[in-house]
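Working notes, beginning with the structure itself.
Ligands are counted one by one from 1 in listed order, and the atoms in each one are counted from 1 as well. Since we're looking at a predicted model, the values are computed, not measured. Count residues from 1 along the sequence.
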Amino acid sequence: MEFDLIEAIRARTLASRDDVALGIGDDAALLEVPAGRQLVACTDSMVAGIHFPAGAAPADLGWKSLAVNLSDLAAMGAEPAWALLALTLPEADAGFVEAFAEGFAELARAAGVALVGGDTTSGPLAVTVTALGSLPRGQALRRAGARAGDLVCVTGTLGDAAGALRLHGSGSADAMLRGRMARPQPRIAVGIGLRGIATACIDVSDGLLADLGHVCSASGVGAELELEALPVSPALAATFPAGEARMLGLSGGDDYELCFTVPPARIAAVEALAAAGGCGIARIGRVVAGSGVRVRDAAGRDVKPAHAGWEHFSP
Ligand code: ADP
Ligand code: MG
């Protein structure tokens, strides 16, 4: 049974990359890392009831389990190449696995990623994906590196997935917002383009304030954001009052946009990237000496969100 499931996954995710010397089927995969490049590795788990409701569409889960990992690679400036998939299933449900594999494969194909192995076990529904990619040695975008005077930028729009989650169950969530929650688009091309331009970068998974806070502490700096500059989608703006939409953008999670810092002299290169990358890039604030992230409204008053972002194990 387990082997039928593995075959169902393998058949749907067939992808050829000539750097896969040995893929699914042996005890481990053999991969060729090009000379002069560093391997970039990350893993992220999604657990039923914590990261997604038990009734979530399996194809969306397949897409998202890979997307959240490709977003981490994008935040490092890496080109994605390979993935491994550990699936824990309550039962050997072939329909679930087929739909899951199709959603996974849709993004894998679009991103040129080959699934090269994994593990299939029984237990409470959970998905762990490991993504691997590479970049030229020494060129990774890290959280440390932001300097006072840099501009703070973010791709796309913020708060859409959190807005969809807020409306979940009410049946009224806008289709665009639901799509942003179910099928986030990892900003792979922007991440690659930011090599040599950004001084620091992170992907926004836990909420902008929390994630930019990580950049600040890793870099030993603070940041000042302008509330009015946060990019909010027309759909979010139409669904929530302006103040609430911006709060979702500040501290709602699951955006999978890139937040990065860049010296003002390089902002023209960032604008060129936005034009080529198919998503907007907004300037939302500045890096300052000190620590922590402050947010000001149009009148210059400090804005204090009720919570900064998503955290596991918080009371
Ligand atoms: P082993 O017992 O040696 O760990 P498995 O029976 O777990 O082998 O897996 C057999 C092959 O199928 C391996 O190449 C493994 O990487 C692959 N595989 C198992 N589960 C998955 C999965 N969910 N997705 C992709 N490949 C998988
Ligand atoms: Mg195994």
Side-chain angles (χ1 to χ4, degrees), residues 1-34 37-74 76 78-134 182-186 188 203 205 254 256:
M1 195 65 215
E2 175 195 338
F3 298 103
D4 297 346
L5 296 177
I6 297 172
E7 180 49 31
I9 294 169
R10 200 193 59 81
R12 282 169 181 76
T13 55
L14 288 177
S16 60
R17 282 186 63 99
D18 48 20
D19 52 15
V20 179
L22 188 61
I24 293 175
D26 212 305
D27 292 314
L30 293 176
L31 309 168
E32 308 287 350
V33 181
R37 293 175 72 93
Q38 286 174 303
L39 183 67
V40 185
C42 64
T43 196
D44 245 319
S45 296
M46 293 179 26
V47 177
I50 307 278
H51 299 92
F52 59 91
D60 290 343
L61 284 183
W63 173 289
K64 190 164 178 176
S65 67
L66 179 59
V68 300
N69 280 281
L70 298 188
S71 178
D72 280 325
L73 291 186
M76 301 300 289
E79 272 113 10
W82 314 294
L84 297 120
L85 166 63
L87 260 185
T88 307
L89 302 167
E91 55 192 327
D93 178 345
F96 177 95
V97 168
E98 287 162 16
F100 179 95
E102 264 152 29
F104 186 101
E106 213 179 305
L107 177 56
R109 265 193 304 275
V113 169
L115 182 65
V116 297
D119 196 26
T120 307
T121 57
S122 70
L125 181 58
V127 185
T128 299
V129 171
T130 299
L132 302 165
S134 72
R183 296 205 171 204
Q185 294 287 341
I188 297 165
D203 72 318
S205 53
D254 253 13
Y256 303 104

Step-by-step side-chain contact (heavy atoms from CB on, under 4.5 Å) determination, Leu132 to Leu84: CA-CA 8 Å; Leu132 302 165; Leu84 297 120; 4.1 Å; yes

Worked check of side-chain contact (heavy atoms from CB on, under 4.5 Å) between Phe100 and Asp93: CA-CA 11 Å; Phe100 179 95; Asp93 178 345; over 6 Å; no

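No side-chain heavy atom of Arg12 sits less than 4.5 Å from a side-chain heavy atom of Leu115.
Set against the non-hydrogen atoms of Asp27, the atoms of ligand 1 under 4.0 Å away are 3 (O).
Contact analysis puts Glu2 in contact with ligand 1, with a non-hydrogen atom separation below 4.0 angstrom.
Residue-level proximity to ligand 1 for Val116 is absent, since no heavy atom of it falls below 4.0 angstrom. Under 4.0 angstrom from ligand 1, the non-hydrogen atoms of Ile9 all belong to its side chain. Under 4.0 angstrom from ligand 1, the non-hydrogen atoms of Ile6 all belong to its side chain.
Counting only distance, with no hydrogens or angles, the side chain of Ser65 and the backbone of Leu61 share a donor-acceptor pair below 3.5 Å. A distance-only check finds a donor-acceptor pair linking the side chain of Arg37 to the backbone of Ser134 [under 3.5 Å].
The shortest N/O to N/O separation between Gly23 and ligand 1 does not fall below 3.5 Å. Checking only distances, Gly25 does come within under 3.5 Å of ligand 1, N or O to N or O. Between Ile24 and ligand 1, no N or O atom pair is found at a separation short of 3.5 Å.
Of the options Leu5, Val127, Thr121, a side chain to side chain contact (heavy atoms under 4.5 Å, CB included) to Leu89 is made by Leu5 and by none of the others.
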